[in-house]
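What follows is a single structure, written as structure tokens, with notes after it.
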Amino acid sequence: MLLQLLNTQYFSETETSANCTPMKQPEKSRTNEIGRSIYAYVTPVILLVGILGNSLSLTVFLSRNMRNLSASSYLAALSISDMLVLILYVTVEWLKRGLVYLIPNTNLQFLDKDGACQTLLYIAYVLRFFSSWLVTAFTIERYIGVCHPLYRRYICSLPGSRRIIFGIMIASSIIVIYKPVLSGVYLSHDGIHYCTGSKDHDFLSFILDSIFALLITLVPFVIISVLNVLIMRKLCLRKSQFRVFGRKHVNRRENRPITSQSISDESLIKLEFTLILFTISFCYIACNGPYFIVWFRNFLHSKHLSTHLQYSNYGVEYWQGILYITKTIFYMNYCINFFLYSITGKHFRREVKSLLTCEHKKTSFRYSQSTSKTCSWV
């Protein structure tokens with residue numbers, strides 16, 4: 001993660017290693033070549049699949065049957081955010097590092113001009129933070145709906161979800177305001193302009209980027225993991241209560257005169273919703289984790305923590321290749337949600353089918369929180 005800072009370190013390391021012949025150079029060059037090839041050829045596929053998938057997901061969540069649910073607000077916002085990340089971040093990065101690899105004489109210097117540099121960095125950081133915490137807020141809402149049903153009327157509602165989404169957007173815009181302030185355009189050793197953190201505030205920028213990386217990876221992962229465990233514990237406890245005391249007793253205790261069929265339907269919906277949350281959170285960490293680890297490895301071998309020459313000379317090209325591979329995996333996080341919804345959400349599949357076959361025009365049924373008594377449809 002935070003490729004701009006890594007590029008600065010790599011430029012510095014390449015200059016230093018020019019006077020030395022690294023060991024096993026052919027092997028390192030091959031890894032770099034493989035990594036860049038994977039990045040250059042796979043990223044356009046990710047862009048195409050991601051934009052189409054997120055567009056279809058957005059259409060489903062804004063459909064007549066789905067748009068009145070609080071969960072649809074979160075997932076629609078996530079689809080929009082992922083699409084914008086693909087267009088304004090992934091596309092720009094691929095043009096600068098993938099297209100120029102495929103077509104070496106391509107001139108894209110306009111992307112590394114003052115103004116455009118800071119604006120694109122700011123938007124990319126805002127959207128990545130926003131996407132990460134949308135998933136976190138989505139999990140928190142689900143936790144409240146399952147474990148604290150008395151409070152869900154305040155949180156698990158359409159107006160409540162919209163307020164939370166708006167709040168996350170404002171917080172994202174404020175938290176990453178440092179990025180354009182501490183960024184600029186510099187000239188590399190081979191005469192190429194590149195957009196990266198300010199060299200006058202190199203260490204400060206690195207520390208803030210490190211905090212940003214933790215806020216969009218480790219912190220959400222901990223919150224999501226803990227809440228998912230508590231949700232599963234609560235669902236298992238309810239299942240055992242049904243078995244021991246019977247459904248009628250549980251209904252009387254919760255003051256909810258619900259039929260057996262409605263209880264069964266509600267349990268299935270909650271189970272599907274929990275499954276989709278587990279899947280989204282697991283895939284988010286699986287896609288972000290390798291990139292974050294490689295970034296952290298380069299941090300440990302950077303000039304901020306070590307002044308030994310061998311750390312600057314060893315494996316520069318090799319780790320650049322690894323970085324390209326993990327970055328490609330990282331991009332997949334923004335294109336796979338449609339498939340996750342389709343695999344884990346029966347109601348989502350039903351809506352996609354009706355949308356593609358135009359059956360949605362013939363049905364008047366709508367999923368609603370008032371009928372299911374739940375926070376979400378999945």
Side-chain angles (χ1 to χ4, degrees), residues 1-2 50 54 57-58 61-62 66-90 119-146 148 151-180 208-228 231 273 276-285 287-288 292 330 333-334 336-337 340-341 369 375-378:
M1 199 167 296
L2 313 175
N54 283 306
S57 297
L58 179 62
F61 294 129
L62 295 181
M66 307 287 285
R67 60 190 174 208
N68 292 323
L69 300 173
S70 61
S72 294
S73 298
Y74 286 106
L75 297 179
L78 184 61
S79 298
I80 295 174
S81 177
D82 286 352
M83 261 196 304
L84 292 176
V85 170
L86 289 170
I87 295 171
L88 299 176
Y89 172 63
V90 177
T119 300
L120 291 173
L121 277 178
Y122 178 69
I123 293 175
Y125 272 56
V126 169
L127 292 174
R128 289 158 63 189
F129 190 97
F130 183 62
S131 294
S132 175
W133 282 92
L134 271 179
V135 178
T136 307
F138 192 34
T139 309
I140 293 174
E141 188 205 41
R142 176 59 181 153
Y143 166 75
I144 294 174
V146 173
H148 302 282
Y151 296 99
R152 66 183 171 191
R153 69 175 62 183
Y154 306 106
I155 304 297
C156 305
S157 64
L158 192 59
S161 65
R162 289 175 176 173
R163 286 193 296 268
I164 292 173
I165 292 170
F166 181 74
I168 295 174
M169 190 67 205
I170 296 299
S172 303
S173 303
I174 295 174
I175 289 174
V176 302
I177 195 66
Y178 76 92
K179 194 58 186 176
L208 293 176
D209 278 345
S210 301
I211 296 174
F212 172 83
L214 293 174
L215 287 177
I216 67 171
T217 53
L218 182 61
V219 175
F221 172 73
V222 171
I223 295 175
I224 290 170
S225 299
V226 171
L227 294 186
N228 278 337
I231 290 171
F273 197 6
I276 202 172
L277 280 176
F278 270 115
T279 307
I280 291 175
S281 58
F282 173 80
C283 290
Y284 180 85
I285 298 301
C287 292
N288 282 264
F292 177 77
F330 164 65
N333 175 67
Y334 300 107
I336 61 174
N337 282 347
L340 300 182
Y341 302 149
Q369 292 171 254
C375 290
S376 302
W377 55 271
V378 202

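For clarity, every value in this text was computed on a predicted model and none was experimentally measured. By convention here, the first residue in the shown sequence is residue 1.
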Any non-hydrogen side-chain atom of [X] less than 4.5 Å from a side-chain atom of [Y]?
X    : Y    : value
S172 : W133 : no
F129 : I175 : yes
L340 : C283 : yes
S131 : D82  : yes

Where is the tightest heavy-atom contact between [X] and [Y], given as atom of each residue plus distance?
X    : Y    : result
L88  : L120 : O-CD2, 4.2 Å
S132 : L215 : OG-O, 4.3 Å
L134 : A77  : CD1-C, 3.6 Å
T139 : N228 : CG2-OD1, 3.7 Å
F130 : I165 : CE1-O, 3.6 Å
S173 : V126 : CA-CG2, 4.0 Å

Roughly how far, to the nearest 0.5 Å, is [atom2] of [Y] from [atom1] of [X]?
X    : Y    : atom1 : atom2 : answer
L78  : S73  : CG    : OG    : 12.5 Å
N333 : Y284 : CG    : OH    : 6.5 Å
I87  : N54  : CD1   : CG    : 9.5 Å
S57  : L75  : OG    : CG    : 8.5 Å
Y341 : I280 : OH    : CD1   : 4.5 Å
L127 : I80  : CG    : CD1   : 11.0 Å

F221 atom CZ, over 12 foreign heavy atoms within 6.0 Å: no

Crowding at CZ, F282 (>12 non-hydrogen neighbours, <6.0 Å): no

Cation-aromatic face contact R128/Y125, 6.0 Å, 45 degrees: yes

Step-by-step side-chain contact (heavy atoms from CB on, under 4.5 Å) determination, D209 to K179: CA-CA 8 Å; D209 278 345; K179 194 58 186 176; 2.9 Å; yes

